[in-house]
Amino acid sequence: MTTTLHSPPVASLLTHLFADARKTDAAVLAPFSALPADERRARLNGDPRAFYASVAEAYLPVSEKLGQLLYALARARRARTVVEFGTSFGISTVHLAAALRDGGGGGRLITTEYEASKVRRAKEHLTQAGLVDLVEFRVGDALETLRTDVPDGIDLVLLDGAKPLYLPLLRLLEPKLAPGAILVADNVRMSPEFAAHMARPEHGYVTIPLPWEDDDCLFAVRVA
Ligand SMILES: C[S@@+](CC[C@H](N)C(=O)[O-])C[C@H]1O[C@@H](n2cnc3c(N)ncnc32)[C@H](O)[C@@H]1O
C-alpha cells in the first residue's frame, strides 16, 4: 500500500522542494553565514520579525527525516487536529496534511506564518499535493493568529517558528491539547527557557530529545 506521502505527486513535489530549498537557502543565507559569529548571534537573538523578514526568500525547512517523523507521528496518533507554528513554503505542512489524509477521517491543520508571500507559495504547494482542503492558513504573528478559534483536542503541535515564542505559544495552546497530545519543537537549543520548562516532569510532559546530525528537536507527549 502506498501512502499519500510516497505517492507520485506528493513524493516528487517534496523531492523538488527539498532540492530547491538546499539551493535557495545556501544563496539566501550566504550573507548571513559570512557575518562574524557575534553578529550572527545578535541577529538570531534580536527582533525575530526583522530576522525572518531578512531571509523571507529562504525555506528553512524541517529535514527530510523530521518530515517523515512528523508524518509517522500524526499517523500513529490518528491525528485529526494539528497546529503548526511556522509554515514557510509548506514542506512540513505537506507531511502533516498527508498524514491527515491517510488517517482516513480528514481533519484540520491550522498553520501560521508571518509572511504573506510565503503563505501564497505554501498554498500553491499544498494545492499541487492535493491536500489544500485540509489546511487552514493564518497569516500574521502566531501569538495573535492562534489566540482565538483553535479547537479543543489538539492531537499534534509542531513548533518551528521564532524560538522565543515557543514557551508563550505552549501556554496559549496547552488548555486545548488532548490527553496524550504530541509536541515536536525544532531547534530547541535556541529556546533554552522552553527546553528547561519541558524537562521538568511536573509540567506534564514526557520528553525525548532528538539530537540528529542536522536537527535539534524535542519530541514530547502531554501526560498531565
Ligand atoms: C523554520 S521556518 C518553518 C519551516 C517549515 N516548518 C517547513 O518545514 O517548511 C520558520 C517560519 O516561521 C515564520 N515565523 C517566525 N516567527 C513567527 C511568528 N511569530 N508568527 C508567524 N510566523 C512566524 C518565519 O517567517 C518562517 O517562515
Side-chain angles (χ1 to χ4, degrees), residues 5 10 13-26 28-29 32 43-71 73-74 82-99 109-126 128-129 131-132 135-148 150 156-173 183-191 194 210 212 214-218:
L5 194 60
V10 178
L13 174 70
L14 286 172
T15 301
H16 163 73
L17 291 179
F18 277 121
D20 192 43
R22 279 190 289 276
K23 203 172 67 185
T24 304
D25 287 14
V28 174
L29 298 175
F32 175 75
R43 292 206 188 179
L44 282 172
N45 295 330
D47 173 13
R49 188 77 183 84
F51 171 74
Y52 284 106
S54 73
V55 294
E57 295 303 315
Y59 283 74
L60 310 169
V62 294
S63 68
E64 292 174 72
K65 204 160 37 176
L66 182 53
Q68 296 278 333
L69 180 70
L70 290 169
Y71 175 87
L73 291 173
V82 175
V83 175
E84 176 181 58
F85 168 43
T87 318
S88 192
F89 296 136
I91 288 186
S92 48
T93 321
V94 167
H95 289 84
L96 290 165
L109 165 47
I110 298 170
T111 184
T112 188
E113 167 59 52
Y114 277 143
E115 304 290 338
S117 59
K118 286 190 139 181
V119 173
R120 278 195 293 278
R121 293 265 305 274
K123 266 186 198 164
E124 284 169 20
H125 298 149
L126 271 293
Q128 283 170 40
L131 296 167
V132 76
V135 184
E136 183 184 326
F137 296 89
R138 297 189 182 180
V139 184
D141 188 331
L143 272 180
E144 295 310 319
T145 60
L146 298 179
R147 193 168 293 285
T148 52
V150 174
L156 190 151
V157 175
L158 171 63
L159 297 175
D160 193 22
K163 314 310 160 193
L165 264 59
Y166 283 12
L167 193 49
L169 277 174
L170 176 76
R171 296 205 163 108
L172 191 65
L173 295 174
L183 263 95
V184 177
D186 204 4
N187 314 112
V188 279
R189 266 199 293 271
M190 290 162 67
S191 192
F194 172 80
L210 301 175
W212 295 329
D214 49 356
D215 278 303
D216 152 32
C217 290
L218 189 74

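All figures in this text were calculated on a predicted structure; none of them were measured in a lab. As the structure lists them, so they are numbered: ligands from 1, and atoms in each ligand from 1.
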For His95 and Leu66, run side chain to side chain contact (heavy atoms under 4.5 Å, CB included): C-alpha distance rounded to whole Å, both residues' side-chain angles, the deciding distance at 0.1 Å, then the answer. CA-CA 9 Å; His95 289 84; Leu66 182 53; over 6 Å; no
Show your working on side chain to side chain donor-acceptor pair (under 3.5 Å) between Glu84 and Thr93 and close with a plain yes or no. CA-CA 8 Å; Glu84 176 181 58; Thr93 321; 2.7 Å; yes
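- Scanning the protein for heavy atoms near atom 15 (C) of ligand 1, the closest one is Ala162 N, 3.3 Å.
- A pairwise comparison of heavy atoms in Tyr59 and Ser88 identifies O-OG, 2.7 Å as the closest pair.
- The shortest contact between atom 17 (C) of ligand 1 and any protein heavy atom is with Tyr114 CE1, 3.2 Å.
- In this comparison of Pro168, Gly140, Gly161, the heavy atom closest to atom 21 (C) of ligand 1 sits on Gly140.
- For atom 25 (O) of ligand 1, the nearest non-hydrogen atom of the protein is Glu113 OE2, 2.6 Å.
- Counting non-hydrogen atoms of other residues, nucleotides and ligands closer than 6.0 Å to CD of Glu136 gives a total above 12.
- Under the 4.5 Å side-chain criterion, counting only non-hydrogen atoms from C-beta, Tyr166 is not in contact with Met190.
- Only the side chain of Tyr52 comes within contact range of ligand 1, with a heavy atom under 4.0 Å; no backbone atom does.
- Distances below 4.0 Å separate heavy atoms of Phe85 from the following atoms of ligand 1: 16 (N), 17 (C), 18 (C), 19 (N), 20 (N), 21 (C), 23 (C).
- When heavy-atom distances to ligand 1 are checked against a 4.0 Å cut-off, Leu165 comes that close only through its side chain, counted from C-beta outward.
- Using a 4.0 angstrom heavy-atom cutoff, Thr87 counts as in contact with ligand 1.
- Counting atoms of ligand 1 from 1 in the listed order, those under 4.0 Å from a heavy atom of Ile91 are 9 (O).
- Ranking the protein heavy atoms by distance from atom 20 (N) of ligand 1 puts Ala142 N, 2.9 Å first.
- Residue Asp160 has at least one nitrogen or oxygen atom sitting less than 3.5 Å from a nitrogen or oxygen atom of ligand 1, judged on distance alone.
- Of all the heavy atoms in Leu143 and Leu172, the pair that sits closest is O-CD2, 3.9 Å.
- The shortest N or O to N or O distance between Pro61 and ligand 1 is not below 3.5 Å.
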Walk me through whether Glu124 and Arg121 qualify under salt bridge (Lys or Arg N to Asp or Glu O under 4.0 Å). CA-CA 5 Å; Glu124 284 169 20; Arg121 293 265 305 274; 5.0 Å; no
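- For ligand 1, the polar-atom distance check against Gly90 finds no nitrogen or oxygen pair separated by under 3.5 Å.
- Looking at atom 12 (O) of ligand 1, its nearest protein heavy atom turns out to be Gly86 CA, 3.4 Å.
- For ligand 1, the polar-atom distance check finds no N/O of Phe89 at less than 3.5 Å from any of the ligand's N/O atoms.
- Contact annotation: for Lys118 versus ligand 1, heavy atoms closer than 4.0 Å belong to the side chain alone.
- By the neighbour-count criterion of 12 heavy atoms within 6.0 Å, atom CZ of Arg49 is densely surrounded, having more than that number from other residues, nucleotides or ligands.
- Here the CG atom belonging to Asn187 is positioned 11.5 Å from the CG atom belonging to Leu218, to the nearest 0.5 angstrom.
- Ser191 OG to Asp186 CG: the interatomic distance, rounded to the nearest 0.5 Å, is 11.5 Å.
- Remark: minimum distance from atom 1 (C) of ligand 1 to any protein heavy atom is reached at Leu60 O, 3.0 Å.
- Between the OG1 atom in Thr24 and the CG atom in Leu60 there is a gap of 11.0 Å [rounded to 0.5 Å].
- Atom OG1 in Thr87 sits 7.0 Å away from atom CZ in Phe137 (nearest 0.5 Å).
- The protein heavy atom nearest to atom 7 (C) of ligand 1 is Ser92 OG, 3.3 Å.
- When only interatomic distances are considered, the shortest N/O to N/O separation between Asp141 and ligand 1 falls below 3.5 Å.
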